[in-house]
Structure formats: structure tokens, C-alpha cells
Amino acid sequence: MSGSALSIRARGFGFRYAGRLAWAVRGLDLAIEPGERVLLAGPSGGGKSTLLTGLAGLLDTDQAGESEGALEVGGLPPVEVRDRIGMAFQDPETQLVMARAGDDVAFGLENRAVPTEAIWSRVDEALALAGFPYDREHPTGRLSGGEKQRLVLAGVVALRPDLLLLDEPTANLDPEGAALVRGAVGQVVEATGATLVVVDHRVEDWLPQVDRVVVVGAGGGGVLADGTPEKVFTTEQDALAAAGVWIPGGELPNRSRPATTRSEPWLTAETLAYRYPGTDRPALADASLVLREGEAVAITGTNGSGKSTLAMLLAGLLAPSSGQVSVADGADPDVTDLPRRRRRRRTAARPLHRWRANELVRAVGTVFQDPEHQFLTSSVRAELALGPRLAGLSAEQTKRRVEELLQRLALEKLAEANPFTLSGGEKRRLSVATALATGPRVLVLDEPTFGQDRRTWQELLDLLAELRSAGHALCYVSHDREFISALADRELPVRSGRLAA
């Protein structure tokens, strides 16, 4: 077991990333006692992840930005007690370093000089606690996003930290997997007595496991509310809702109006199958579907069932092992001026995965599960302009499209920021905006509501509902039952690599 739980003190703490005018967090005063279990909530972009990174001793003020005030863990600068702190980041990719699952969990233990004879028992214990569904030998490159999150948690748990910091640890997990992770966190904290600070927008599921809720405001707003869950969500409801905080048991944002489904099929998938190299069974098999003009389709299922693989195939970003994806004439920029007979021949001869990039961005917009995988430039504005320029839009058209998306998705103040310095929720909104920038007829989105507060969730819902009403076809992978209920015209479950009837 670990030593003793660690305290946290913040006095006027602030941090501003290099090249940014606005402070990510500022004027923060906070005290957390050893062994407390704290849920840290607040609006998207409110500095929660920055605070956790600072508490983990990972903010480099020489290169990453400037700091003010004081931040202490156990009475010391966090960097001096890093070996007693465990943190799981929003993006699990950033913490996976080895090719095999067991080796990845063992990596941290080896760096802490844990005796060799003790390492593998702790690895197995941590994998079991985190609900990891495979053995030590399983390749990390063949994990779904949710499975990667469980593996990262196992790596943190294996260290038996005195301070456990979790940033959206269940964001991309199915409900069963999320419950498993929350249970694992509870077991670890109970067994070790560690101090717990967990960041999550969907607060309700964590309330049975925490004894305190701290809500921070955006733009250096400091602490908006602090107290027991009952006190915070009873006496501060109106102020928190206005700040974008999800209120447990509160009324959901307005749901979108039902779409009028049109008959035109924009995208058709026929008997798709895909097998990842080196595997002995397909990740997806015999999947056929049609996405029609003006409809939204939700792809659901447990982690590892093949949802993201299906999304990548539908977007033309993976070449299927068998079957094909095709789009209607109106979505192919190269065939709209051809006689109908030649259109049919040409479209049929060109499966979607063989389209050139400048064609694809005008027909199908894609939002990856990990938004950082699609960022290519050094500013939010340039990222939004890239697709329209590639698709051949004029400078004036591109500028108009960029300004509209900056405003609609609350990214105006971040226009000149580097995409990689945004919060998780801001990165997600930017990834959605880049997919919309070229006005594609078909949108394929993988977990579009990850990391969103109540206000930005509603904005995404409204924007996608408008696109659906304008005739676009939407296909999105999601575990967010409220979003599925609000937007989807139909739901297609994926089970063990196959579309369920």
C-alpha cells in the first residue's frame, strides 16, 4: 500500500499558456484535505484540466506558459512529490507507451524501481480492478478508445498513488464500462485512502463516490461553488446552470424537432467487412446500411464492438477487406456535371476509400474519436480554413465559413490559439467545426459530445439538427443516451462486429 494521502492548496493560482491572451485559470483559492474525494466541475474551457496538470507537477512554466500564485501538494511544490501522484489524462493515447497491455502497466512500476518479483502481481491486480477485458499480451494498438482508457487507469492504479487525479476517465466508455471504472476507482481509493480529484461534466454518476463538489468558473472566474453535493446542487442550481454545469436530475436542454426523412440515399454501405492486420477475426463483418437525405442515425454498442471501425469505413478513411461504400451523384463533386449514365458508371467504379482528399472533404465530413488526430495547423482559424481551401472555396467563402463556425461553436476567443493547447471539450468542438467547414452532404462523427458542458452540448445539438433539417445525412457513434434520444431518427446497435437487426 501507499503512504499517506496528500493535501492540496491553491492560493491565487493562475496559469496562462504561451501565446494566449486569456488565462486558462486565474485567482483560484482552494484547500483539499488528505483523503477527501472531490468532484471538480465547471464549464468547458474553465481550466479544470490545467489545474489537474498543475497538481500533477506537469506544467512547465519555462516553455508552456506563465504561472502566478502558489500551488502545493502535501505542503510542497507538486513537482517534488510527483512519485506519489497518479494522473489519467483526457486523451488515453498520450499515456500508452508500450506495444503490449501488461508491459504498459508495468512501465510505470519499473520506473518507480518496484522489485521485479512484485511487478506482475501488481499488474494483474490493476488490470482486474480497472475491468480490462484482455490478458497482458494483448496489443495496445488493437484497443478501442474505451479499452485504452481502462488500460491507462490500470497503469495509474498499479502505482498506488497518494493523490489520484482523473480527467474525464469515463468519457468514451459505454454505460457498463463507465460503471466498472467508477467502481474500480472507489475500490482503489477505499483500499489506499488516497485523496481523489476527478473532473467530469456528467456529475450525477460520480456523486455517490465523492464527499465534496468544487465548481470553477471560466476565464479565471475562481471557485463558483464549494460544498457537499447536496449543498452545491440545491442552493446553487440557477448559477451553475447559467455557467453550463449539468445539474443532476435537472431538466434536459430542449430536444430537437423530429426530422422529415427524405427518400434520397446519400451514402450506401454494402456487406462491409474489415480485419485489422495480424488479427485472426474481423473487427466488422457483413455490415450494410443506407444513410438518407435529412436523417440522423446513431451507431451504438459496447466498447470494442466495432463502432469506430464502421465509422471509419463509412467515412472512406479505411479500405474495407470486402464490400464497399458509395455515395449518391449529388455528393460527388466530380460527377455532377456528367450525363446520368456516365455518373452511374463512374460512381460505381470509385468506392469512397479511393476518392482523392479534395473530393472526400466536400462529400463526407469526419469527426474522429480522438480530435487531435485530425489537427494539422498551428491555429484554430487556420485549422477551420484548411478544408475549404482544399475543396476549392474562394478566400471570401472560406473566411465567411470560418467566422460562422467560430461563433456557433464558441471558439471566437480561441481563433489564434494552437489547437493542441485547447481543453478536451474545445478540441472536440473544433474537430466538429472542421468537419462542417466544407459543407459535406454526409457527416460521420465519433463521440461528438465528449467533454461538453450543458451549453456547448445544446449548441452542438442545435447545429447538427439544423444540418439534418437542411438535408444532410448524419451518422454518429455515441454512448450519450440523451444525445441519441434528442437527435437520432433511428439507432443501429453493433454487437461483436455485426450490425444487429
Side-chain angles (χ1 to χ4, degrees), residues 8-10 12-17 20 22-32 36-59 64-65 67 69 71 73 78 85-92 94 149 163-172 185 195-207 209-210 212-227 229 232-233 236 239-241 243-247 371 410 413-414 417 420-429 449-457:
I8 292 170
R9 294 289 185 275
F13 174 70
F15 188 85
R16 176 165 58 185
Y17 289 98
R20 300 276 285 273
W23 290 75
V25 59
R26 197 173 199 187
L28 184 68
D29 294 302
L30 179 64
I32 297 175
E36 280 196 289
R37 305 174 186 186
V38 178
L39 174 65
L40 186 63
S44 176
K48 302 181 298 297
S49 296
T50 300
L51 175 59
L52 255 62
T53 305
L55 290 172
L58 299 174
L59 283 180
S67 178
L71 193 63
V73 174
I85 301 169
M87 179 170 177
F89 295 95
Q90 279 181 333
D91 178 8
T94 61
Q149 284 180 300
L163 171 60
L164 183 59
L165 305 171
L166 304 176
D167 198 353
E168 302 265 10
T170 63
N172 288 325
V185 171
T195 305
L196 171 68
V197 181
V198 58
V199 167
D200 208 312
H201 282 291
R202 298 305 183 96
V203 301
E204 189 165 8
D205 291 334
W206 284 101
L207 296 186
Q209 293 183 226
V210 300
R212 183 176 170 194
V213 175
V214 176
V215 183
V216 295
V223 174
L224 297 181
D226 184 358
V232 167
F233 292 115
E236 306 287 346
L240 297 184
V245 177
W246 289 91
I247 305 299
K413 294 181 180 180
L414 301 168
F420 295 94
T421 68
L422 304 183
S423 74
E426 290 164 346
K427 288 175 183 175
R428 171 55 75 217
R429 296 203 300 282
T449 59
F450 160 72
Q452 300 311 305
D453 63 35
R454 188 180 186 276
R455 288 183 304 179
T456 56
W457 186 95

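Computation of the quantities below employed the complete heavy-atom set of this structure, encompassing side-chain atoms and omitting hydrogens, waters and symmetry-equivalent molecules. Throughout, residue positions are numbered sequentially from 1 according to the sequence presented.
Among the candidates Thr50, Leu51, Leu71, the single residue satisfying the side-chain contact (heavy atoms from CB on, under 4.5 Å) test with Leu28 is Leu51.
Listed by chain and residue number, Arg182 satisfy the salt bridge (Lys or Arg N to Asp or Glu O under 4.0 Å) test with Asp205 (two or more places apart in sequence, or in another chain). Annotation: salt bridge (Lys or Arg N to Asp or Glu O under 4.0 Å) contacts of Glu204 (sequence neighbours excluded): none.
Looking at heavy atoms from C-beta onward, Pro229 lies in side-chain contact with Val210 at the 4.5 angstrom threshold. Two residues are said to be in side-chain contact when any heavy atoms from C-beta on lie closer than 4.5 Å; Pro43 and Arg455 meet this criterion. Looking only at side-chain heavy atoms (C-beta outward), Val213 and Leu207 come within less than 4.5 Å of each other. In this structure, the side chains of Val198 and Val185 stay at 4.5 Å or more apart for every pair of heavy atoms. Between Leu224 and Val216 there is no side-chain heavy-atom pair separated by less than 4.5 Å. A 4.5 Å side-chain heavy-atom check between Leu164 and Met87 finds every atom pair outside the cut-off. Contact annotation: the side chain of Val215 never approaches that of Val223 to less than 4.5 Å [non-hydrogen atoms, C-beta and beyond]. Using a 4.5 Å cut-off on side-chain heavy atoms (C-beta onward), Leu414 and Arg20 make contact.
Here the closest heavy-atom approach between residue Pro169 and residue Val199 is recorded as CD-O, 3.8 Å. Considering all non-hydrogen atoms of both residues, Leu240 and Ala225 come closest at CD2-CB, 4.2 Å. Residues Ser44 and Asp453 share a closest heavy-atom pair of N-OD2, 2.7 Å. For Gly227 against Val232, the heavy-atom pair with the smallest separation is N-CG2, 3.4 Å. Between Gly42 and Val245, the shortest heavy-atom contact is CA-CG2, 4.0 Å. The minimum heavy-atom distance between Glu168 and Phe450, with the atom names listed, is CB-CE1, 4.3 Å.
A donor-acceptor pair shorter than 3.5 Å can be found between the side chains of Arg429 and Gln452. A donor-acceptor pair shorter than 3.5 Å can be found between the side chains of Ser423 and Glu426. Arg202 and Thr170 share no donor-acceptor pair across their side chains, judged by distance under 3.5 Å alone.
Between Tyr17 and Phe15, a ring centre-to-centre spacing shorter than 6.0 Å is recorded.
Atom CG of Leu30 sits about 6.5 Å away from atom CG of Asp226, to the nearest 0.5 Å. Distance CZ/Arg9 to CG/Asp29: 12.0 Å, rounded to 0.5 Å. Taking NE2 of His201 as the start and CH2 of Trp457 as the end, the distance is 14.0 Å to the nearest 0.5 Å. With rounding to the nearest 0.5 Å, the separation of CZ in Phe13 from CH2 in Trp23 is 9.0 Å. Separation of atoms CZ (Arg212) and CG (Leu40) is listed at 10.0 Å; rounding is to 0.5 Å. Rounded to the nearest 0.5 angstrom, Leu165 CG and Leu52 CG are separated by 4.5 Å.
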- Message: Applying side chain to side chain contact (heavy atoms under 4.5 Å, CB included) to Val73 and Thr195, what does each step give before you reach the verdict?
- Response: CA-CA 11 Å; Val73 174; Thr195 305; over 6 Å; no
